[in-house]
Amino acid sequence: MFMGEYQHSIDEKGRMIIPAKFREALGEAFVITRGLDQCLFVYPQSEWLILEQKLKALPLMKSDARAFTRFFFSGATECELDKQGRANIPSNLVDHAKLEKDCVVIGVSNRVEIWSKQVWESYANESEQSFNEIAEKLVDFNFDL
């Protein structure tokens with residue numbers, strides 16, 4: 001399970017150190033793709049295969065399903081860490097997440113997310129203000145803390 005928040009930076013070549021606590025769980029090769037809310041999703045191979053099966057099960061005749069699957073898979077790339085523990089993030093993904101120098105890497109259960117520091121701070125501030133309202137809505141999903 002991935003959890004925690006880490007401050008890192010990305011260099012001009014798109015290389016970013018992946019937090020040491022995440023490296024072992026991600027494995028030698030992992031998948032980075034466009035995420036929701038202007039971030040990147042990073043999956044270990046085992047989780048990517050589970051997600052791939054779920055996306056394959058979406059109805060091909062539904063335009064929303066086709067659009068989401070295209071968006072998700074077209075941005076996906078398999079990555080490996082270099083000897084310094086860095087991942088080389090392709091420029092299309094750097095652009096999608098608006099990554100510049102300062103980044104935030106967070107653990108979110110079965111995946112890692114990579115955020116621009118500025119985008120993350122804005123998102124976190126907005127979410128924090130509505131956290132109680134969001135928690136109340138989760139009751140609809142039979143979820144209780």
Side-chain angles (χ1 to χ4, degrees), residues 1-12 14-59 62-81 84-145:
M1 178 173 73
F2 299 103
M3 60 184 179
E5 178 180 320
Y6 303 88
Q7 305 291 320
H8 282 277
S9 60
I10 189 167
D11 69 16
E12 63 281 346
R15 297 176 302 193
M16 184 173 62
I17 293 176
I18 299 298
K21 291 193 176 216
F22 295 162
R23 290 182 207 153
E24 186 177 336
L26 284 173
E28 290 185 24
F30 49 90
V31 177
I32 299 179
T33 191
R34 292 183 198 108
L36 304 173
D37 303 313
Q38 270 190 325
C39 73
L40 301 179
F41 288 172
V42 184
Y43 292 96
Q45 289 289 348
S46 59
E47 290 293 334
W48 180 255
L49 293 174
I50 292 167
L51 182 59
E52 180 183 16
Q53 293 306 312
K54 289 179 181 179
L55 291 172
K56 280 183 181 180
L58 292 175
K62 296 275 192 179
S63 64
D64 287 348
R66 289 192 311 272
F68 185 81
T69 302
R70 283 184 191 121
F71 175 81
F72 211 66
F73 281 104
S74 67
T77 187
E78 188 173 273
C79 289
E80 295 178 356
L81 297 175
Q84 286 82 35
R86 299 176 301 189
N88 191 11
I89 302 172
S91 61
N92 64 318
L93 296 180
V94 169
D95 292 344
H96 168 77
K98 295 185 171 23
L99 301 179
E100 291 176 359
K101 182 170 175 47
D102 296 325
C103 300
V104 178
V105 182
I106 64 171
V108 187
S109 184
N110 68 334
R111 72 178 179 272
V112 172
E113 294 181 355
I114 301 172
W115 292 76
S116 152
K117 184 176 181 181
Q118 183 179 1
V119 173
W120 170 250
E121 287 175 350
S122 174
Y123 177 83
N125 287 336
E126 288 176 28
S127 296
E128 188 172 23
Q129 292 180 13
S130 60
F131 186 70
N132 290 336
E133 293 171 25
I134 294 168
E136 284 183 25
K137 291 178 184 176
L138 291 178
V139 171
D140 297 340
F141 296 105
N142 199 23
F143 181 82
D144 190 18
L145 295 175

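None of the values given here were measured: they were computed from a predicted structure.
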Angle between ring planes, Y43 versus W48, binned at 30° and 60°: parallel, tilted or perpendicular? tilted

Does CZ belonging to F72 count more than 12 external heavy atoms closer than 6.0 Å? yes

Over all atoms of both residues, closest heavy-atom pair of T33 and A76: OG1-N, 3.3 Å

Side chains of residues 95-104: which donor-acceptor partners sit under 3.5 Å, not counting sequence neighbours?
unit_1: H96; atom_1: NE2; unit_2: G35; atom_2: O; d: 3.2
unit_1: H96; atom_1: NE2; unit_2: C39; atom_2: O; d: 3.4

V94 side chain reached by I10 side chain, heavy atoms, under 4.5 Å: yes

Taking all heavy atoms of A87 and all of I32, pick out the closest pair and write down the distance. CB-CD1, 4.5 Å

Enclosure of E128 CD (heavy-atom neighbours >12, cutoff 6.0 Å): no

Could you go step by step and tell me if I18 and Y6 meet the side chain to side chain contact (heavy atoms under 4.5 Å, CB included) rule? CA-CA 9 Å; I18 299 298; Y6 303 88; over 6 Å; no

Show the nearest heavy-atom pair for residues A29 and Q45, with the distance to one decimal. O-CG, 3.3 Å

Please report the C-alpha distance between E5 and W120 in whole Å, then the side-chain angles of each, then the deciding distance to 0.1 Å, and finally whether the side chain to side chain contact (heavy atoms under 4.5 Å, CB included) criterion is met. CA-CA 11 Å; E5 178 180 320; W120 170 250; 3.5 Å; yes

With the side chain counted from C-beta on, respond yes when L93 and S91 share a heavy-atom pair under 4.5 Å apart, and no when they do not. no

Any side-chain heavy-atom pair from V42 and V31 closer than 4.5 angstrom? no

Among residues at least two apart in sequence or on other chains, which ones pass salt bridge (Lys or Arg N to Asp or Glu O under 4.0 Å) with R34? none

Distance-only check: which donor-acceptor pairs under 3.5 Å involve side-chain atoms of residues 105-119, not counting sequence neighbours?
unit_1: N110; atom_1: ND2; unit_2: E47; atom_2: OE1; d: 3.1
unit_1: R111; atom_1: NE; unit_2: E113; atom_2: OE2; d: 2.9
unit_1: R111; atom_1: NH2; unit_2: E113; atom_2: OE2; d: 2.8
unit_1: E113; atom_1: OE1; unit_2: W115; atom_2: NE1; d: 3.0
unit_1: S116; atom_1: OG; unit_2: Q118; atom_2: N; d: 3.4
unit_1: S116; atom_1: OG; unit_2: V119; atom_2: N; d: 3.4

Tightest non-hydrogen contact, residues F22 and G4, listed as CZ-O, 4.4 Å

Could you tell me if the side chain of L55 sits less than 4.5 Å from the side chain of F68, heavy atoms only? yes

Sorted by chain and residue number, the salt bridge (Lys or Arg N to Asp or Glu O under 4.0 Å) partners of R66 (sequence neighbours excluded) come out as none

side-chain hydrogen bond (donor to acceptor under 3.5 Å, both in side chains) contacts in which one or both residues fall within residues 23-32, not counting sequence neighbours: none

Closest heavy-atom contact between P44 and A25? CB-O, 3.5 Å

Salt bridge (Lys or Arg N to Asp or Glu O under 4.0 Å) involving K56 - partner list, sequence neighbours excluded: E52

Do you know the tightest heavy-atom contact between A65 and P59? CB-O, 3.4 Å

What is the distance from atom CG of N92 to atom CD1 of I89, rounded to the nearest 0.5 Å? 11.0 Å

